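What follows is a single structure, written as structure tokens, with notes after it.
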There are 2 protein chains.
Amino acid sequence: MRKKVSTLKEIAQKLDLSTSTVSRALNDHPDISTTTKQKVQKLANKLHYTPNIFAQGFRKNKTNIIGVIVPNVTHYFSSTLIKGILKEADIKGYKVIITESNNDIKKQSEMLQTMAQFGVDGILMSVSKKTKSFTDILDIMNRIPLVLFDKVSYKIPCTQIVVNEAEASYKAIEHLIQTGKKRIAIIKENKFSYNSERRYEGYLKALKQNNIEIDNKIIVSCEDLNLEQGRRMTKLLLSLKHKPDAIFTITDSAAIGVIKTLKRFKIKIPREIAVVGFSNSLYSTIIEPKLTTIDQPGEKIGKTAVTYLINEIENPEERTTSKTVEIATNLIVRDSSLKISY
Amino acid sequence: MRKKVSTLKEIAQKLDLSTSTVSRALNDHPDISTTTKQKVQKLANKLHYTPNIFAQGFRKNKTNIIGVIVPNVTHYFSSTLIKGILKEADIKGYKVIITESNNDIKKQSEMLQTMAQFGVDGILMSVSKKTKSFTDILDIMNRIPLVLFDKVSYKIPCTQIVVNEAEASYKAIEHLIQTGKKRIAIIKENKFSYNSERRYEGYLKALKQNNIEIDNKIIVSCEDLNLEQGRRMTKLLLSLKHKPDAIFTITDSAAIGVIKTLKRFKIKIPREIAVVGFSNSLYSTIIEPKLTTIDQPGEKIGKTAVTYLINEIENPEERTTSKTVEIATNLIVRDSSLKISY
DNA sequence: AACGTTCCCGCAATCGTTTGCGGTAGAAAA
DNA sequence: TTTTCTACCGCAAACGATTGCGGGAACGTT
């Protein structure tokens, strides 16, 4: 069994001190003399003493656990976020409990509940894009520090860590325009997806600033974009009389579908139609031609989110001011779009 | 703050009962009358009572947390394992704490320590292939139930959940032979990698059973196989006078490197050289030609591991018998290998 | 010598829950 | 009526660490 661990009492007895003294000695309390501290430290090391985390948490009402809720751990981007979270949390001495919401709002609010009930010190969440009611989230927020990342919502007044989506897609479209493309299609999700909408914003802005007409025929949307949907949307775009000369998808996996379909129809990439994705996923260098896409620094986002969350946990006065932190992205030009020629 | 939660004492006071009675009522203890139980239940629901997990854990020395240690969460296969773990743990009422070892044995043993000190009820681990000393693992094992999965070691006497690696690669090689290939190369890792060795076993067995000569020139190894190494190894194999007509890699990502290199050298896949990978990673359908590979059901492995672990946690007598559970794999034939012609 | 300080340290309560043991009321048996 | 037996329930200790408070010893100050 687990009863091999030593307790404060044991140390106290062996040293003929009280448990309080031992506790204070270990916590470097000023009331304790240096000699006593040293003696206690020494014996504690020898006995491999480690404080019982439950007694501690129980007493201090602190668990040093942060809860993380993501839609799906198998998405590459999610996993890079998690990597960053784990790394930073480890450094700061926190443990991480991870759960999946699977984009199911019922599950999501359930997870929120159990996390709270479990007593995590703070919650890091990527909100499901289907979330329509925020009451439960707001409720939790009153009790536990919450930081949103990646998929956020302006309806929740807490600190949010995001990439500058609009700017990122603005850069992507700018790039396409600079390479001479004039009829740029976008494949996006419907308006309930926060990220999709912001990326769409950037698209619109870039076109407007370059005096390019916005044509709704080459703006296609669907729910839950994926490779298959990418394929379908591409066929739709190819059936147009006036075809696009570039396709921007708000997702890498959709972009893969686009490329595969274009290749099947023997359309030259990027000369006839250029393709740009979003995410810099693992696929992007596997597919041929290699995909031009936007790199979202997942690890950095995760790390930043943890930093802000722990800050709010440890400094409750910080909790009132909710900020939005934007992480910069990079456009990575590969073979699916033209190079700029001077 | 968090002080909104109600306690046993509160309920007891409002109902003019003792906390013990309330506790027993909530735990469905036979000593308590049905009417009392109902009253308690009702009020508990009304007050949104949830037991303080720390007081509980403190008292019962049980946390309902299982610790998971994997080398790298961003590997697709790892993330599917995690998905399975999360799902099953959630069903069984356990929380999951995840950490990465990054294939660093120091980190790994550190993680093991903090998990133990943290008081997890059990540990699920995929051991780093560099692990040479097992003393710390064995030490932990005496205190906490441990189940190994994916990357295991026969030097640790605990239950292990693996795919039948040897059989899987045997199937792969058999398939290649049946499609007429006679000179089959293998790209593997060095002998410190448990998985690699077992896959190599299957390779050897298949060749022997089909009376095919084993040629060490087309058996190439390296440490930490990846896409780049796949490329390098392929060039090495192509430089041979007597080239292989099929390449089996023990990793999908290496297989991608192989395919990319073969394409660069204008070698027809699968006619001149067929390629088979291992893992059924996400890449396998992105690359062209699509990769023939072995599907490892990650979610199922994760789920199974959790099941066995919780069984050992809740039934200490089970802990003595250590079993090896093998999960079946499937060969998925795609375009990088020939179809069998009858 | 009497008093005030400072430095260390111990006592005991506390956190919320569980559980062994003992106790009481009421019913049933004598 | 007395005794025995259930069926229910409460008392209090326990888990391990933390902390307010109080106190003794040693020293310095008048």
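All values derive from a computational prediction rather than experimental measurement. Every chain is numbered from 1 and lettered A, B, ... according to where its sequence line falls, protein lines coming before strand lines.
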field: Donor/acceptor link under 3.5 angstrom from A/Arg59 side chain onto base of C/dT14
entry: yes
task: Could you tell me whether a side-chain N or O of A/Asp104 sits under 3.5 Å from a main-chain N or O of A/Lys106, the two making a donor and an acceptor?
output: yes
message: OP1 or OP2 of D/dT18 versus the side-chain N and O atoms of A/Gln56: is any pair under 4.0 Å?
response: yes
field: Distance, rounded to the nearest Å, where A/Asn61 contributes CG and D/dG16 contributes P
entry: 20 Å
- prompt: Between atom NE2 in A/His29 and atom P in C/dC8, what is the gap in whole Å?
  reply: 12 Å
query: Between the side chains of B/Thr74 and B/Asn72, is a donor N or O closer than 3.5 angstrom to an acceptor N or O?
result: yes
- request: Kindly say if B/Ser33 contacts the phosphate of D/dC8, meaning a side-chain N or O under 4.0 Å from OP1 or OP2.
  value: no
- prompt: Under 3.5 Å, side chain of B/Lys151 to main-chain N/O of B/Val70, donor-acceptor pair present?
  reply: no
message: Any donor-acceptor pair, under 3.5 Å, between the side chain of A/Ser20 and the base of C/dC11, if you only look at N and O atoms?
response: yes
field: Nearest-angstrom distance from the residue atom CD1 of B/Ile11 to C1' of C/dG16
entry: 12 Å
- request: For B/Thr19 and for A/Tyr49, find the nucleotide of DNA chain D with the closest heavy atom, then tell me which residue's nucleotide is more 5'.
  value: B/Thr19
message: I'd like to know if A/Lys303 pairs up with A/Glu299 as an ion pair, taking the criterion as any Lys NZ or Arg NE/NH1/NH2 lying under 4.0 Å from an Asp or Glu carboxylate oxygen.
response: no
message: Tell me whether the side-chain N/O atoms of B/Thr36 come closer than 4.0 Å to OP1 or OP2 in D/dC9.
response: yes
message: Expressed as a whole number of angstroms, how long is the span from B/Phe58:CZ to C/dT19:C1'?
response: 15 Å
field: Among C/dC9, C/dT17, C/dT19, the one nearest A/Leu17 by side-chain distance
entry: C/dC9
- line: Comparing nearest nucleotides in DNA chain C, the 5'-proximal residue of the pair A/Lys37, B/Arg24 is A/Lys37
- line: note: A/Leu8, atom CG; C/dC11, atom C1'; distance rounded to Å ~ 16 Å
- prompt: For A/Lys62 and D/dG16, what is the distance between atoms NZ and P respectively, to the nearest whole Å?
  reply: 22 Å
task: Return no unless some side-chain N or O of B/Asn52 is found under 4.0 Å from OP1 or OP2 of C/dC15.
output: no
field: Rounded distance in Å - NZ (A/Lys9) to C1' (D/dA13)
entry: 11 Å
- prompt: Taking for each residue the nucleotide of DNA chain D bearing the nearest heavy atom, is the 5' side occupied by B/Ser18 or by B/Ala55?
  reply: B/Ser18
field: Expected output: side-chain B/Thr63 to main-chain B/Gly119 donor-acceptor under 3.5 Å
entry: yes
- prompt: Taking atom types as they are modelled, is there a donor-acceptor pair under 3.5 Å from the base of D/dC8 to the side chain of B/Asp31?
  reply: no
- request: Grab the NZ-C1' distance between A/Lys60 and C/dG16 for me, whole Å please.
  value: 18 Å
